[in-house]
Amino acid sequence: MAHQGVTVRPGTVADTIEQNIRAVAAQLGIQERSAWRYFDPAGLAASIAQQRQTAESSSTPGEVGRAPMPPLDNPELALILGGVPDALEESGGDLYNVIVNVAVNAWMAGHIHGEDGCTGCQDKRPTGTNWQARMDTISAMQPDITKWFDRNVWTAALNDTGYGVTRT
């Protein structure tokens, strides 16, 4: 992969290879160990490099692989960010648990205001699927909610829990 100019987490490549081997074995009706003879590492590396290059050339520089950001004054995003230090403290420092919590809350935020078109949620929320009404409700409940967009405020709250994030 490095020879193709692409750096990825090794586990990602291993997972992709294993999925491909299983798919080939299933499609051909053979054992997985027999499917390895059909594996072309150079071809896979070239394919991944080509996909990455296509994605980078068709996107704004620096935006590949990043989700679109809502406006930085979005109260719902601030509410989710503000919950991270508490979730870390409540989980005893279990970062995986916190990430899952954030992901679920972010998904629910989209779900609640109707991004996914869930007809089962229609008329079952206090604000319905009216996104602006939901933002107004959050802001009314916590007028200073946007403080969570200040990196220093967030880091101080995280440090108050007794946990921190450092790169080793």
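For the residue pair V98 and V84, the shortest heavy atom distance occurs at CG1-CG1, 3.8 Å. Contact record, S91 with D94: OG-N, 3.2 Å, taken as the closest heavy-atom pair. Taking all atoms of both residues into account, the shortest heavy-atom contact from N101 to A87 is ND2-CB, 3.3 Å.
T155 contributes no side-chain N or O that, together with a main-chain N or O of N152, makes up a donor-acceptor pair within less than 3.5 Å. Between the side chain of S47 and the main chain of G43, no donor-acceptor pair closer than 3.5 Å is present.
Within the model, atoms CG of L81 and NZ of K147 stand 12.5 Å from one another, a figure rounded to the nearest 0.5 Å. Once rounded to the nearest 0.5 Å, the distance linking OH of Y38 with CG of L28 reads 5.5 Å. To the nearest 0.5 angstrom, L88 atom CG is 12.0 Å from D160 atom CG. Here CZ of F39 is found 7.5 Å from CG of N20. Values are rounded to the nearest 0.5 Å. To the nearest 0.5 Å, atom CG of residue N159 and atom CH2 of residue W154 are 9.0 Å apart.
For residues 79-91, no residue pair satisfies the salt bridge (charged side-chain N to carboxylate O under 4.0 Å, His left out) rule, not counting sequence neighbours.
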